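Below is one structure; the comments refer to it alone.
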Amino acid sequence: MSGRLACLGFCVAWLVLAAPSLSAHGNQMLCARVSVGEDGRIELELTADHTDNPNIADAQEARVVLREALNVYIGTECFPLERLGALQFEERDRYSDDAPVSSIADPGPHRLVVARWRARLPDQDLVFAAKERTPLDVVMWRAGAVPPLGGSRWLLLIAGERSPTFTMTPAARAWPGGSLAAVTLLLLVPLVVWGGLRAGRGNGSNGGGS
């Protein structure tokens with residue numbers, strides 16, 4: 001077996017038994033939670049813990065790390081996250097409930113910086129790529145996804161590696177303003193004509209009886 005395959009096999013085995021390991025070393029890696037929604041929308045939540053982290057000194061440095069942690073590939077083109085959507089930062093003291101860092105095994109306290117990224121990219125195929133030459137690995141998972149039998153829901157991205165493809169949903173269909181006005185007019189015209197005819201008949205009946 002080649003060295004690359006041996007390394008890959010080790011990573012897969014490590015992720016299957018990931019919960020204790022990630023809990024023990026959660027502050028030395030980045031978490032990436034991906035949510036894919038309707039209308040071509042995607043959300044990424046990146047988390048860095050600068051508690052006793054030799055690679056991230058403080059919250060300010062954590063923001064710099066998160067800005068550069070991942071790039072996005074659409075086809076062969078590579079984009080920084082902020083080319084496709086804004087990053088919003090906040091600070092927390094605990095991980096999300098579905099994070100690989102167990103709040104039971106590693107209750108904290110944590111000093112987390114979270115970067116939330118949202119984009120709308122209907123019908124596109126997206127691939128996330130970890131930053132080249134970095135000591136910080138990225139643990140990625142898709143929110144709400146059910147892991148395969150005997151597999152892990154978490155994916156480990158080492159420097160330069162890429163995620164599986166995320167296929168965006170189509171854009172939601174909406175009536176254009178002009179078309180909606182035209183349809184409304186078509187519905188109203190028969191009603192107006194019918195109302196006028198009915199009123200005319202009523203007037204005719206009254207006139208005949210006088």
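Numbering starts at 1 and runs along the sequence shown. All values reported here derive from a predicted model rather than from experimental measurement.
- Using a 4.5 Å heavy-atom cutoff, the side chains of V113 and L46 are not in contact.
- Considering only heavy atoms from C-beta on, F128 comes within 4.5 Å of L81 through its side chain.
- Contact of the V65 side chain with the L30 side chain is registered, since non-hydrogen atoms from C-beta on lie closer than 4.5 Å.
- Contact check for L66 versus L87: no side-chain heavy atoms found under the 4.5 Å cut-off.
- Residues F166 and V127 fall into different hydrophobic clusters, defined by Ile, Leu, Val, Met, Phe, Trp and Tyr side chains chained together at heavy-atom separations under 4.5 Å.
- The stretch residues 120-129 participates, sequence neighbours left out, in these salt bridge (Lys or Arg N to Asp or Glu O under 4.0 Å) pairs: D39-R120.
- Here R92 pairs with E45, E90, L112, V114, R116 under the side-chain contact (heavy atoms from CB on, under 4.5 Å) rule; sequence neighbours left out.
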Side chain to side chain contact (heavy atoms under 4.5 Å, CB included) between H50 and E61, intermediate numbers included: CA-CA 9 Å; H50 58 94; E61 188 173 350; over 6 Å; no
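- Side-chain N or O atoms of T51 include one that pairs as donor or acceptor with a backbone N or O of R111 at under 3.5 Å.
- In this structure, G40 and M168 approach most closely via the heavy-atom pair O-SD, 4.1 Å.
- Between S152 and W154, the shortest heavy-atom contact is OG-N, 3.0 Å.
- Here the straight-line distance linking atom CZ of R118 with atom CG of L84 works out to 15.5 Å at 0.5 Å rounding.
- Counting heavy-atom neighbours within 6.0 Å of Q88 CD, excluding the residue itself, gives a total of 12 or less.
- S163 has its side chain within reach of L155: a pair of non-hydrogen atoms, C-beta onward, lies under 4.5 Å apart.
- Contact between F89 and A115 at its shortest, heavy atoms only, is CE2-CB, 3.6 Å.
- Here the straight-line distance linking atom CE of M29 with atom CD1 of I158 works out to 9.5 Å at 0.5 Å rounding.
- Side-chain contact between L44 and L70 is present, with at least one heavy-atom pair separated by less than 4.5 Å.
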Review item, side-chain donor-acceptor pairs of residues 130-147, under 3.5 Å, at least two apart:
unit_1 : atom_1 : unit_2 : atom_2 : d
K131   : NZ     : E68    : OE1    : 3.0
T134   : OG1    : L136   : N      : 3.2
W141   : NE1    : D98    : OD2    : 3.2

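- Linking Ile, Leu, Val, Met, Phe, Trp and Tyr residues whenever their side-chain heavy atoms come within less than 4.5 Å leaves Y73 and V34 in two separate clusters.
- Both F79 and L157 sit in one connected hydrophobic cluster of ILVMFWY residues. Membership requires side-chain heavy atoms under 4.5 Å apart, directly or through other members.
- Remark: the H110 side chain and the D49 side chain contain an N/O donor-acceptor pair separated by less than 3.5 Å.
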